[in-house]
Protein chains: 2
Amino acid sequence: MHICSWNVNGIRAVAKRNQLPWDQMPAIEVWCLQETKARADQIGDLAEPDGWFAHWFSAEKPGYSGVALLSRTAPNRVVEGLGDPEYDCEGRVLTGVYGDLAVVGAYFPNSQEGGKRIDYKLGFCAAMERHLAGLRRQGLRTVLLGDYNIAHRAIDLARPKENEGNAGFLPGERAWMERYLGTLGYRDVFRERHPDEPGLYTWWTNWGGARARNIGWRIDYATVSPDLMDRVADIRIHPDIMGSDHCPVSITLE
Amino acid sequence: MHICSWNVNGIRAVAKRNQLPWDQMPAIEVWCLQETKARADQIGDLAEPDGWFAHWFSAEKPGYSGVALLSRTAPNRVVEGLGDPEYDCEGRVLTGVYGDLAVVGAYFPNSQEGGKRIDYKLGFCAAMERHLAGLRRQGLRTVLLGDYNIAHRAIDLARPKENEGNAGFLPGERAWMERYLGTLGYRDVFRERHPDEPGLYTWWTNWGGARARNIGWRIDYATVSPDLMDRVADIRIHPDIMGSDHCPVSITLE
DNA sequence: CCTGATAGG
DNA sequence: CCTACCAGG
């Protein structure tokens, strides 16, 4: 099963440029999209692309956040959000269940300038923990794909020193990654397969040719529950796929 | 003296496209610009173009309205507005005095959907009358150039029937044109020289190729006080000058 | 530097 | 449709 996550930074802008992800990467069977920035009723035919089951989950605030789940085969069920209206009103999480696999697509909150929203973000992370635990209690193995808006360690961004204390690299959010990947035992497969390789990023700022110079951050992940680890055949980031300030991350499960 | 008026619909957009009016029409010695939509401090070098005396008068509300007066020779003095803060806070009028000539550049208010702002507009027109009367009491002859946002008569727009009761063709504003050009005796030189010629417009909506099909309105004028009439050598509209949804109107005075 | 929302035209 | 603004990233 080929699953891919992409923060599209506005699906309408991507569509206008003819860079829709399913056209660009035809082998993918499940797409988790973040920052769609549109309701289904704003995008016409794009809401139900030919050959896909599509589910759109949007923020209340127009043009803000929003996620989508597209799959070639229909999921057994789809869960919107984390079960907490404080987070679910921002359209950040969609879970598709396929057999014993739960595919969770998520757009974690940005902690913002001066860490203004770090409390909200850590609350979201805690709610995500509970959500994942609930899925596992249902006997499901989980893969959590999306834009975590967190660079875990110094190796995960090009300028760790300069970004000490900046949104996405705050002690509090990094500590949650430690907890999630350490204490809770979820697996950052990509880093496990490239333990010491720098320069592997999924996001670059739009200014100053950062992407061309590969001054980026790895903030998009596909992490799996421990019991899914043995099914992971492949995991990749796709820096050559353009159309957003993020690039896709794909995982192949057997 | 070659004087030209142009509603630029955002001077920054015009500059970005390299369509600055003084580059396009080098013979012009005085430019009255409307809808500049920028303060002098937002436009860098453009605020004081080489070889020009420039005066910018902006609305309080950012990106809204705004007029400019540029001239090859320095005016004896410049007057900002009409002397009424209700209108002057919207950056709509600049007057440059050159010898015994007062060049008044004006951006008349739009009367808006449903005539929502017709009272404001007619108040502006009344204040403009007083302003012009004041200039004449000072012994000045006046030319009032700009976007009046009024089509005077049916001949002045392509679709008079369909626009009966629409902003720019409301009875109240047309009546003010009648008063200005009839009772008060100011002269619409362009119409006097083309009394029965339809299809002479200065503004076209951006939708549906209206300009290519010449579905437009004549809402930009250069009108003169009766005592200036004998000095008018030429008056033209310039539908070939692109860069805005309006085209320039020029007048040549001896 | 991008996205999308919004006001104003 | 097109110019600006603005929030958010």
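Chain letters run A, B, ... following the sequence lines, proteins first and then strands; every chain starts at 1.
- Residues A:K16 and A:G208 both approach DNA chain C. Their nearest nucleotides, taken by heavy-atom distance, put A:G208 toward the 5′ side.
- In this structure, A:Y87 and A:F124 have perpendicular ring planes: the angle between them is above 60°, well past the 30° mark.
- The separation between B:Q34 atom CD and D:dC2 atom P is 21 Å, rounded to whole Å.
- Remark: P of D:dC2 and NE2 of B:H246 are 14 Å apart, rounded to the nearest angstrom.
- A:K37 and A:N9 are linked by a side-chain donor-acceptor pair at a separation below 3.5 angstrom, with hydrogens and angles left out of the test.
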Test log, rule salt bridge (charged side-chain N to carboxylate O under 4.0 Å, His left out), inputs A:K61 and A:E90: CA-CA 7 Å; A:K61 182 188 180 119; A:E90 295 197 355; over 6 Å; no
After noting the C-alpha distance and the side-chain angles of A:L82 and A:M128, does the key distance pass the side chain to side chain contact (heavy atoms under 4.5 Å, CB included) rule? CA-CA 7 Å; A:L82 298 175; A:M128 176 62 79; 4.1 Å; yes
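- The side chain of A:N206 has D:dG9 as its nearest neighbour among C:dG4, D:dC1, D:dG9.
- Within 4.0 Å of A:D245, counting heavy atoms only, lies no atom of the nucleic acid at all.
- In this structure, B:R117 atom CZ and C:dA7 atom C1' are separated by 12 Å, rounded to whole Å.
- Here the P atom of nucleotide C:dT3 and the CH2 atom of A:W207 are 16 Å apart, to the nearest Å.
- Note on B:R12: every side-chain N or O is 4.0 Å or more away from OP1 and OP2 of D:dC2.
- For the pair B:K121 NZ and C:dG9 P, the computed distance is 10 Å after rounding to whole Å.
- The distance between atom CZ of B:R211 and atom P of C:dG9, rounded to the nearest whole Å, is 20 Å.
- Here B:R17 reaches the OP1 or OP2 of D:dT3: one of its side-chain N or O atoms lies under 4.0 Å away.
- Side-chain atoms of A:H246 and A:E35 form no donor-acceptor pair, as typed in the model, at a separation below 3.5 Å.
- Residues of residues 54-64 of chain A that place a heavy atom closer than 4.0 Å to DNA chain D, in numerical order, are A:K61, A:Y64.
- Contact annotation for A:Q42: backbone-only contact, meaning every heavy-atom pair under 4.0 Å involves sugar-phosphate atoms and none involves a base.
- To the nearest angstrom, P of D:dA4 lies 18 Å from CG of B:N110.
- For A:A13, counting side-chain heavy atoms from C-beta on, the closest listed nucleotide (C:dG9, C:dG4, D:dA4) is C:dG4.
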Taking only distance into account, with no hydrogens and no angle test, what donor-acceptor pairs under 3.5 Å do side-chain atoms of residues 41-50 of chain A form with protein atoms, sequence neighbours excluded?
unit_1: A:D41; atom_1: OD1; unit_2: A:R39; atom_2: NE; d: 2.9
unit_1: A:D41; atom_1: OD2; unit_2: A:R39; atom_2: NH2; d: 3.2
unit_1: A:Q42; atom_1: OE1; unit_2: A:R39; atom_2: N; d: 2.7

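- Across all strands, A:Q112 comes closer than 4.0 Å only to sugar-phosphate atoms, never to a base (heavy-atom distances).
- Rounded to a whole Å, the CG atom of B:N166 is 16 Å from the C1' atom of C:dG8.
- Aromatic ring pairs are classed by plane angle as parallel below 30°, tilted from 30° to 60° and perpendicular above 60°; the pair B:W203 and B:W217 is perpendicular.
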